[in-house]
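Here's the structure we're looking at; comments come further down.
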Amino acid sequence: MEESESASDKPRPWQSYHTVYTNAKAGMDGVDKEKVQRVVYEMSKGSKYFENEERKEALIRQKIEHMRARAAKLSAADLSHYQKVADKRILELDSTRDLSRIWLHVDMDAFYAAVETLSNPSLKGKPMAVGSMSMISTANYEARKFGVRAAMPGFIARELCPDLIFVPTDFKKYTYYSDLTRKVFWDYDPNFMAASLDEAYLDITKVCEERSITGAEIAEELRSRVHEETGLTCSVGVAPNRLLAKVCSDINKPNGQFVLPNDRMAVMTFISSLPIRKIGGIGKVTENILKGVFGISTCEEMLQKGSFLCALFSHSSSDFFLSVGLGLGGTDTPEARFRKSISSERTFSATEDAALLYQKLADIAEMLSADMQKEGLSGRTLTLKLKTASFEVRTRAVTLQKYISSSDDIVKHASNLLKAELPISLRLIGLRVSHFNEDKGGVSGDPTQKTLTTFFKSVDASRRTGNDQRSLGSDLSDLHFISEKETAISLDNNETCHHEFGDPFERKHLSDMDDKNCISSINACEMEKIDELSSNKTAAMVNTADVKERTTKSPKRDLSRVSEDDSSVQREPEDSNPDRLNKEPSTSGNEEFFSLNQMEMLFWVDDYKCSLCGAELPSSFVEERQEHSDFHLAERLQEEESGTGLSSLIPRLRIVPEDCSGSQNRRKKHKSSPKQGMHLPIDSFFTKKSSGQ
DNA sequence: CTACACATT
DNA sequence: AAACAATGTGTAG
Ligand SMILES: Nc1ccn([C@H]2C[C@H](O)[C@@H](COP(=O)(O)OP(=O)(O)OP(=O)(O)O)O2)c(=O)n1
Ligand SMILES: [Mg+2]
């Protein structure tokens, strides 16, 4: 506020620092962005963190310059060619539009903060943030008025709002309330996809039909039911696909809803003036690049600049951008995917003491190994992640001949990787294991499928548009199946963080955009479905409706993890830990879902009784519930097994195909697959080569 | 495959 | 004083 200087000559260095904290977000209406910018800058400048941010920004600026130069070099002939390419792709994409489904996205308002206020009403009306001085998970709307928001360090937030009250995170609480909301969601779509503890996607097509009522009415009813059951408010978005529904739920947040009719014209009108940054998958960097290089700020401009996008970006990236311009998104259903990697990392005060670093490494290996054991995982690729004292991140990986999972094996190989980096001053060490064996995909026919998939790639790939992905399994009401993980961490005191897993919604792609290509993906998803397994045997039993065509969603598992770490704070019972670190309850529990879900759905009636066997377990017994669901899962798996022949299964089994290369999407772009050149050879040549010089 | 970058919660 | 953690995905080489 007051930057009282009227003088225009005064230097304002903070204006050059681009924080993400001033981006539009619900509750940021009357915020004095200039002040936030200045305070964040003042609190940041001179720090190692800040210097690294500046370095990264400089690289992005370079990237933009480079792309600009390439765009400027395109000849009239090139542009003419790409215009044709773009027009053709737009037509193809548009032909995949499916306006037959009605998707609803629910997003709880200031979730963690709202839950904390329920348990401590005295917080009502006061600016409050959930998290620590190091990191804030979220803030209530009173605090947001000051510019305080998720992902902001607490010490900076306090500067913006001196009276800010800090409340440590308590995942058990959030999981409990999340389960309550899911119970409501389940009534509208038993196959709903949970995107995180506080978000979910529901395909309400069927409910609307059966009850002959509109999406708006369902939204209204669902919101009031959620409020009745939990005392919490949420915001809803209803649209023809998930990508749009997600955007819509943010429009009238908090405690509001927005319905986008299943009408092509309505969609195009809506999407046209929409800032691209509102689309999931388009973050700070992508926004800057599209704006800086092509002057694109709104979705409709994606179509207008289609020729440039096709000329400078990879096929998948440009397809994604074009589909955004058309307002396309995922309308299909499920598929659950299994985790592809598991990792653990820790931040500590920077040190260059090799012995100390090796000790930290061993600690992390221990935690990771423990997490892997909980899920019976073992993998061949080990990746060491390092963050230097200057915040520079490095990764070093090795792919082994054999699968490893023991702490000793991990430490052994990780030490070799670290050794090559010494001497070095680090502030974080992390380890990730991927290339699993376990899950392997067993189940019927995977191998075959993969192969086939490969072939199809070009072909069918087709996709269906949109895609999102999702994840989650969905359902299950209670159990949180899905798992979301949230983690909180703590550093010194308690910091917390968290996060959940993903939601997969729409796109992913991204990547670095670099000059040539970048991003991509869009559709995708498809993939094989696992269904084989699950659906087969089990599915048969229950299925709710069965249908949706194929399997319906399967569950997904998820990942969750936890780590514990040093001490710190609380942790609850074990695995799930409390705040600080993350936690999530479940862990292995998730896996079950998928099967459970499909088949019968294990559900906690009245929130305490198992729908399958009547056993009573209050939702606060997170772990116990997991074990319980595991038990049922195991039952099902056995049944399945006998049928399919999987043999070892363990709890998690199912695996999905996954394969490394990405089957699903196909689009990965040329890169990996040599073959695909078919469709875009021309583009590729021009794009990369000729223009690039 | 490896390394890196981006995104999301 | 103080800037997380976990996962997925794309891409270049
Ligand atoms: N960087 C982030 C983003 C989110 N969260 C947590 C806290 C949120 O309560 C929860 C849900 O995320 P949302 O993005 O939906 O944010 P909120 O629900 O808090 O607020 P909103 O009202 O904007 O949805 O996830 C977090 O810990 N760190
Ligand atoms: Mg929310």
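For the numbers below, each heavy atom of this structure counts, side chains included, while hydrogens, waters and symmetry mates do not. Chain letters run A, B, ... following the sequence lines, proteins first, then strands; residues in each count from 1. Since the model is a prediction, treat every value here as computed from it, not as a measurement.
Looking at residues two or more places apart in sequence or on another chain, you find no salt bridge (charged side-chain N to carboxylate O under 4.0 Å, His left out) involving Glu366(A). When the side chain to side chain contact (heavy atoms under 4.5 Å, CB included) test is applied to Leu164(A), the partners found at least two apart in sequence or on another chain are Pro127(A), Ala129(A), Ile136(A), Ala143(A), Val148(A), Ala157(A), Cys161(A), Phe166(A). Taking Asp363(A) as the reference, nothing meets the salt bridge (charged side-chain N to carboxylate O under 4.0 Å, His left out) condition, with sequence neighbours excluded. Under the side chain to side chain contact (heavy atoms under 4.5 Å, CB included) criterion, Ser44(A) pairs with Tyr17(A), Val40(A), Phe50(A), Ile156(A), not counting sequence neighbours.
With distances taken from any side-chain atom of Ser316(A) to the nucleotides dA2(C), dC6(B), dG10(C), the minimum falls on dG10(C). Nearest to the side chain of Tyr49(A), among dA7(B), dA3(C), dT9(B), sits dA3(C). When distances are taken from the side chain of Arg339(A) to each of dT7(C), dA3(C), dC1(B), the shortest belongs to dT7(C). The side chain of Ser341(A) has dG8(C) as its nearest neighbour among dC1(B), dG8(C), dA3(C). Checked against dA3(C), dC6(B), dC4(C), the side chain of Lys387(A) finds its nearest nucleotide in dC4(C).
Phosphate proximity of dT2(B) to Lys385(A): absent, as no side-chain N or O sits under 4.0 Å from OP1 or OP2. Phosphate contact (OP1/OP2 of dC4(C), side-chain N/O of Ser134(A), threshold under 4.0 Å): absent. For the pair Lys246(A) and dT9(B), the criterion of a side-chain N or O lying under 4.0 Å from OP1 or OP2 is met. Contact annotation: Arg158(A) does not reach the phosphate of dA2(C) (side-chain N/O to OP1 or OP2, under 4.0 Å). Between Thr383(A) and the phosphate of dC1(B), there is no side-chain N or O to OP1/OP2 separation shorter than 4.0 Å. Within the structure, a side-chain polar atom (N or O) of Lys340(A) is placed less than 4.0 Å from OP1 or OP2 of dT9(C). For Ser314(A) and dT11(C), the shortest distance from a side-chain N or O to OP1 or OP2 is below 4.0 Å.
For the P atom pair drawn from dA3(C) and dT8(B), the interatomic distance equals 24 Å after rounding to whole Å.
The separation between Lys56(A) atom NZ and dC6(B) atom C1' is 10 Å, rounded to whole Å. The interatomic distance linking Leu417(A) (CG) with dA3(B) (P) rounds to 8 Å, in whole Å. For the pair His435(A) NE2 and dC1(B) C1', the computed distance is 9 Å after rounding to whole Å. Rounded to an integer number of Å, the gap from CG of Asp319(A) to C1' of dT9(C) is 16 Å. The NZ-C1' distance, from Lys63(A) to dT11(C), rounds to 10 Å in whole Å. Rounded to whole Å, atom C1' of dC4(B) lies 12 Å from atom CZ of Arg432(A). Taking atom CG of residue Leu243(A) and atom C1' of nucleotide dA7(B), one finds them 14 Å apart after rounding to whole Å. Rounded to whole Å, the distance from CZ on Phe348(A) to C1' on dA1(C) is 18 Å.
Of the N and O atoms on the side chains of Tyr174(A) and Glu116(A), at least one donor lies less than 3.5 Å from an acceptor on the other residue. Under the 3.5 Å distance criterion, with hydrogens and angles disregarded, a donor-acceptor pair is assigned to the side chains of Thr381(A) and Thr399(A). When only modelled atom types and interatomic distance are considered, Ser235(A) and Asp109(A) share a side-chain donor-acceptor pair under 3.5 Å. Using modelled atom types, one finds a donor on one side chain and an acceptor on the other under 3.5 Å when comparing Lys419(A) with Asn416(A).
Among the atoms of the strands shown, only primed sugar atoms or phosphate atoms (P, OP1, OP2) are found under 4.0 Å from some heavy atom of Lys284(A). Base engagement by Ile156(A) is indicated by at least one non-hydrogen atom pair under 4.0 Å involving a base atom. Residue Tyr21(A) is in base contact, counting any heavy-atom pair closer than 4.0 Å across all strands shown.
When each of Arg380(A) and Arg277(A) is assigned the nucleotide of DNA chain B bearing its nearest heavy atom, the one mapping closer to the 5' terminus is Arg380(A).
At a non-hydrogen distance threshold of 4.0 Å, Arg394(A), Thr395(A), Arg396(A), Ala397(A), Val398(A), Thr399(A) from residues 394-402 of chain A come into contact with DNA chain B.
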Would you mind writing out the side-chain donor-acceptor pairs for residues 424-433 of chain A within the sub-3.5 Å range, not counting sequence neighbours?
none

